[in-house]
Amino acid sequence: MASSDDDLNKLDTLSDDDYLKLIEQFYEKNVNNFAFPQLDLDKKQRLVTELFTRLRSFDSNSIFLCLKTLRLLTRDREGLDALTGSSVLEPLQKLAGLECSKVDANPTDIQNVIEAEKCMSNLIYMSPAVQKFYSVSGVADAITQRIKETTTTKLDNRIRFFDMRMLFLLTALNADIRQRVREKFHGLSYLFEIINQIMSTRSEPVAAADSGITLSNEDIDYLIEILKTLYNLTVDLPNLTHSYAIQEEEEEAHLMRLVSILRELLLCYGPDNEKQMELQNHIINLLTNMPKTCFEELLSPAVLDDDNDNDEHNGKNMEAINTILRFLDHRIAKAEGTKNAKEVLLPVLQLLILMCQSNRTIRKFCRQFILPALGDEVLNLPTEGQKLRNKLTRMMTNPNSELKTLSAKLLFVLCKESVDRLIKYTGYGNAAGLLYDFGLLGPQHNINKEQYSSDSDESDTESYKKIRDQYGIDGVTGRANIKRNDDSMKDWTEERKMVEVDKLLNTLDRAMTHGLIKPMVMDANGNPVPAESVLQLREANLLTHHPNDLRASESSDDEGDGGQINTNKSK
């Protein structure tokens, strides 16, 4: 406690005023702490029991101090059992106004509702026992009911935020709660309505044509909790698979409406680029749950007098798709070579693959963005450069197998699953891993040709054709066969060359001695056999390439039989 063990031992003898002073001292001393080693389970139990015993007789401000102190204790996993009993959890639920039989849709003691919800959120996150208790006690039902009753009325934004955070946690942990929120309380519809309300209240009626909707940090934080909850509610829908169409018309209409809302949300602006990217990340995560039939809702009819031709394709406005592609480009630039690249990039890669496989217009637009017709860039390796094609080609050899596969698969889909076309854009060396994994190294090149349109996307530029015809393209590297002056030894003296040769021979000898490599030479019958030493390897190489230049003085009784036979044969 704040002073000594005696303070804890005499808690029940203190007056209310003295107790509150003691609590206040503890709070001020530990406000930034997340662990309390001075409090064992027994002491913590005593402190919490006394707190809830006195809570009934305290005024609002005193309750607020007690709840703030309790919130500190909910940060610590050690001794959490002291906080998971019904004597703690039931009063917190009541203070939050979330009793299932009596939902407080218009709480007046806002500060205490918020503190109680903070304590509940921490405990739900930390303790399976609390998750089970609040699942049974109907917290999720109460939250959904409060959302339903306050959709069109004013509720404190902080209460809304923690309501949604708890609903996210509970729906993430319990499939039964997900189904109940979806079906009994029609949770999807109400969450859709909240998103629409936020965007409509933030739109500027007299704004520039392309200024869009600008959201505050508070808006985005709340929207992210909604998107995370929607992800939970849609992750296990029975018809929500990518292999066949949705059967239920009502469900299909709901999800199409959701995708349409997400399209508008993708085009909103944040107070800064990072916050905007954070919102887009959660939108993309949610879109990965959507069936293929819904992706058409990401497109809208093109506006004829729109000056931005870059976002128009085939009579459709492609702003949302362009936003997703720019998001991918930005994320690769930040995550390339980092440890968290997989977590950052997998969802957006998965989404783009699904969209491009299912929607021809989206695929053709993404192809123009990622794999435009080749030109002078063929003079460099496909991995060189900062265009999206270069970045994705580099990821095709990433050590992480999932990231490598999805990057390659996206490019493969953009090439209409044509092996020849993939090799043209990435080089055989980079594509070999995918082709091997998919069993495409043989002659069967376009196994899914029937699912793509027959018209060709090929339109090589004149510069590409000129380079191809003049130099040819190396199929392995994907680069033009131009001789490059990359001789690093051109300025070396003969002495320097001999020193480097000695170093190389010593390294080779050590590698052979330790069995790391096994160079081969030809025996008397012309069959390859392992070389016994660097000397034998060097002699065999000389005899193979310059047999007529050997002088008698260079031959000796120590030469290998293979070398002698090869020399005689050449003569």
Open item on the list: So, applying side-chain contact (heavy atoms from CB on, under 4.5 Å) with Phe58, which one of Leu65, Leu51, Ile63 is it?
Closed with: Ile63
Open item on the list: If we check salt bridge (Lys or Arg N to Asp or Glu O under 4.0 Å) with Glu336, which of these qualifies: Arg331, Arg394, Lys342?
Closed with: Arg394
TODO: Evaluate side-chain hydrogen bond (donor to acceptor under 3.5 Å, both in side chains) for Thr144 paired with Asp141, printing each intermediate quantity in order.
DONE: CA-CA 5 Å; Thr144 312; Asp141 297 0; 5.6 Å; no
Open item on the list: Quick check: closest heavy atoms across Leu89 and Leu83, and the distance to 0.1 Å?
Closed with: CD2-O, 3.6 Å
- [ ] Report yes if some heavy atom in the side chain of Phe327 is under 4.5 Å from a heavy atom in the side chain of Leu266; otherwise report no.
- [x] no
Open item on the list: Is it true that, when you exclude Lys391 itself, more than 12 heavy atoms of the residues, nucleotides or ligands shown sit nearer than 6.0 Å to its NZ?
Closed with: yes
TODO: Determine which pairs satisfy side chain to side chain donor-acceptor pair (under 3.5 Å) with at least one residue from residues 115-132, sequence neighbours left out, and list them in order.
DONE: Arg71-Glu115, Thr74-Asn122, Glu117-Arg146
Task: Nearest heavy-atom neighbours spanning Ser407 and Leu392 - done: CB-O, 3.9 Å
Open item on the list: Quick check for you: to the nearest 0.5 Å, what is the distance between Leu167 atom CG and Phe162 atom CZ?
Closed with: 14.5 Å
Open item on the list: Could you tell me if the side chain of Ile321 sits less than 4.5 Å from the side chain of Thr361, heavy atoms only?
Closed with: no
Open item on the list: A side-chain contact here means heavy atoms from C-beta on lying under 4.5 Å apart; do Glu193 and Gln197 qualify?
Closed with: yes
Open item on the list: Once rounded to the nearest 0.5 Å, what's the spacing between atom CG of Leu299 and atom CZ of Phe365?
Closed with: 10.0 Å
Task: Under-4.0 Å salt bridge between Glu218 and Arg160 - done: no
- [ ] Go through the structure and list residues passing ring-ring contact (aromatic ring centres under 6.0 Å, His included) with Phe185, not counting sequence neighbours.
- [x] none
TODO: Drop me the distance from Tyr231's OH to Ile224's CD1, to the nearest 0.5 angstrom.
DONE: 15.5 Å
Task: Side-chain donor/acceptor of Gln276 to backbone N/O of Gly270, under 3.5 Å - done: yes
Open item on the list: Between Asn340 and Thr338, does the side-chain hydrogen bond (donor to acceptor under 3.5 Å, both in side chains) criterion hold? Intermediate values first, please.
Closed with: CA-CA 6 Å; Asn340 67 335; Thr338 64; 2.9 Å; yes
Task: Shortest non-hydrogen contact from Cys268 toward Leu215 - done: CB-CD1, 3.8 Å
Task: Any donor-acceptor N/O pair, Asn281 side chain to Glu278 backbone, under 3.5 Å - done: no
TODO: For Phe26 and Asn30, work out which heavy atoms get closest and say how close.
DONE: O-ND2, 2.9 Å
TODO: Would you please say whether a donor-acceptor pair under 3.5 Å links the side chains of Ser137 and Gln93?
DONE: yes
Task: Minimum-distance pair of heavy atoms, taken over all atoms of His254 and Leu188 - done: CD2-CB, 4.3 Å
Task: Taking every non-hydrogen atom, the tightest pair across Cys356 and Leu414 - done: SG-CD2, 3.8 Å
TODO: Might you work through the salt bridge (charged side-chain N to carboxylate O under 4.0 Å, His left out) test for Glu99 and Lys94, ending with a clear yes or no?
DONE: CA-CA 6 Å; Glu99 291 177 292; Lys94 182 177 181 180; 5.3 Å; no
Task: Reported CE-to-CD1 distance for the pair Met166 and Ile143, which is rounded to 0.5 angstrom - done: 4.0 Å
Open item on the list: Assess whether a salt bridge exists between Arg46 and Asp42, defined as any Lys/Arg side-chain N lying under 4.0 Å from an Asp/Glu carboxylate O.
Closed with: yes
Open item on the list: What's the separation between atom CG in Leu434 and atom OG1 in Thr397, rounded to the nearest 0.5 Å?
Closed with: 12.5 Å
TODO: Give a yes or no on whether Glu78 atom CD has more than 12 heavy-atom contacts from other residues, nucleotides or ligands under 6.0 Å away.
DONE: no
- [ ] Could you tell me whether a side-chain N or O of Asn33 sits under 3.5 Å from a main-chain N or O of Ala35, the two making a donor and an acceptor?
- [x] no
Open item on the list: Checking side-chain contact (heavy atoms from CB on, under 4.5 Å) between Arg263 and each of Leu287, Asn317, Thr323, which is the one that passes?
Closed with: Asn317
Task: Approximate separation, where rounding is to 0.5 Å, of Ile332 CD1 and Leu349 CG - done: 6.5 Å
Task: Verdict with reasoning, Asn232 to Thr229, per side-chain hydrogen bond (donor to acceptor under 3.5 Å, both in side chains) - done: CA-CA 5 Å; Asn232 294 339; Thr229 304; 5.5 Å; no
Open item on the list: Is it the case that the side chain of Arg363 and the backbone of Val413 share a donor-acceptor pair, with hydrogens and angles ignored and the cut-off at 3.5 Å?
Closed with: no
Open item on the list: Main chain of Glu225, side chain of Arg165: is a donor-acceptor contact present, judged purely on distance under 3.5 Å?
Closed with: no
TODO: Would you kindly check if the NZ (Lys) or CZ (Arg) of Arg54 is within the cone defined by 45 degrees around the ring axis of Tyr19 and under 6.0 Å from the six-membered ring centre?
DONE: yes
- [ ] Could you tell me whether a side-chain N or O of Thr405 sits under 3.5 Å from a main-chain N or O of Glu402, the two making a donor and an acceptor?
- [x] no
Open item on the list: Taking Lys275 first and then Asp221, would you say they form a salt bridge - that is, a charged N and a carboxylate O separated by under 4.0 Å?
Closed with: yes
